[in-house]
Amino acid sequence: MARKAQQTLDNVVNFNQEIATSTNPLPVATNTISTLPDLSTAIEEPIELGYQYWTPVNIGEAKRGVVIGIENAYYDKVDDSSGEITELELPCVIFAEQKPDGTWLKISNGSKRLVGLIENCLKTGSIIAGKTAIQIKYTGKRKNSTNGFSSDTFEVKPLLFKAA
């Protein structure tokens with residue numbers, strides 16, 4: 001397990017222990033195993049918790065749905081020359097795509113340009129997480145002005161609905 005992820009787990013364990021032993025306990029969720037209602041009557045959410053990483057290949061490839069938010073994903077990176085493993089933290093757009101059959105698929109993408117654009121839209125309110133329907137379209141690669149690399153580019157547009 002990566003170091004930062006282990007630290008996060010340790011913090012969760014320590015936080016829970018702190019709640020149990022503190023004389024001034026922090027607020028605790030009211031749903032515990034003993035107070036949950038009958039789970040056989042519960043309805044599943046339409047979007048699962050896990051997600052797939054979307055790496056667009058063809059220009060014009062598009063996804064329609066809603067932005068859920070931006071989360072940091074953690075990956076192990078192996079140095080080719082030394083073999084040393086370090087942890088890479090990658091901010092990713094988390095997006096719920098509606099498939100043609102009406103089902104939902106949760107995807108992520110860590111393109112700096114897309115993450116920056118979506119982050120700005122969330123801050124300004126032009127996209128409301130979980131509510132604003134949008135289309136993200138892959139528009140190809142563009143050469144960076146600061147180095148010899150290229151970055152993926154995207155077009156993000158709100159989706160409008162005809163009045164009934």
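FYI, side chains are in, hydrogens and waters are out, and symmetry mates aren't considered; it's all heavy atoms of this structure.
Judged by distance alone, with hydrogens and angles left aside, the side-chain atoms of N109 form a donor-acceptor pair with the main-chain N or O of W54 at under 3.5 Å. S108 places no side-chain N or O within 3.5 Å of a backbone atom of V93 that could act as its donor or acceptor partner. Although no hydrogens or angles enter the test, the distance criterion places no donor-acceptor pair under 3.5 Å between the side chain of T103 and the main chain of K99.
Contact check for F95 versus V66: no side-chain heavy atoms found under the 4.5 Å cut-off. When side chains are defined from C-beta on, K63 counts as touching I107, because their heavy atoms get closer than 4.5 Å. Looking at heavy atoms from C-beta onward, C92 lies in side-chain contact with Y53 at the 4.5 angstrom threshold. Within the 4.5 Å cutoff, the side chain of I136 has heavy atoms near those of the L114 side chain.
Side chains of S81 and D79: a donor on one and an acceptor on the other come within 3.5 Å. Under 3.5 Å, the side chains of R64 and Q135 contain a donor-acceptor pair of N or O atoms.
W104 pairs in a side chain to side chain contact (heavy atoms under 4.5 Å, CB included) with only one of the listed residues (E48, Q98, E45), which is Q98.
To the nearest 0.5 angstrom, S151 atom OG is 11.0 Å from K143 atom NZ. Atom OH of Y51 is separated from atom CD of E97 by 16.0 Å, given to the nearest 0.5 angstrom. To the nearest 0.5 angstrom, K77 atom NZ is 10.5 Å from E84 atom CD.
More than 12 heavy atoms of other shown residues, nucleotides or ligands fall within 6.0 angstrom of atom NZ in K106. Around atom CZ of R113, more than 12 heavy atoms belonging to other residues, nucleotides or ligands sit under 6.0 Å away. Within a 6.0 Å sphere centred on NZ of K157, other residues, nucleotides and ligands contribute 12 heavy atoms or fewer.
Contact record, I118 with I127: CD1-CD1, 4.0 Å, taken as the closest heavy-atom pair.
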Show, in sequence, the C-alpha distance, side-chain angles and deciding distance for L88 and D76, and conclude whether the side-chain contact (heavy atoms from CB on, under 4.5 Å) test is met. CA-CA 6 Å; L88 174 66; D76 287 338; over 6 Å; no
L90 and N72: CA distance, side-chain angles, deciding distance, side-chain contact (heavy atoms from CB on, under 4.5 Å) verdict: CA-CA 5 Å; L90 181 65; N72 288 335; over 6 Å; no
Step by step, would you call Y138 with D152 a side-chain contact (heavy atoms from CB on, under 4.5 Å)? CA-CA 7 Å; Y138 176 62; D152 289 337; 3.3 Å; yes
Evaluate the criterion side-chain contact (heavy atoms from CB on, under 4.5 Å) for residue pair K141 and F149; output intermediate values, then yes/no. CA-CA 10 Å; K141 292 193 177 288; F149 299 108; over 6 Å; no
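Under the 4.5 Å side-chain heavy-atom criterion for ILVMFWY residues, no single connected hydrophobic cluster contains both L105 and I94.
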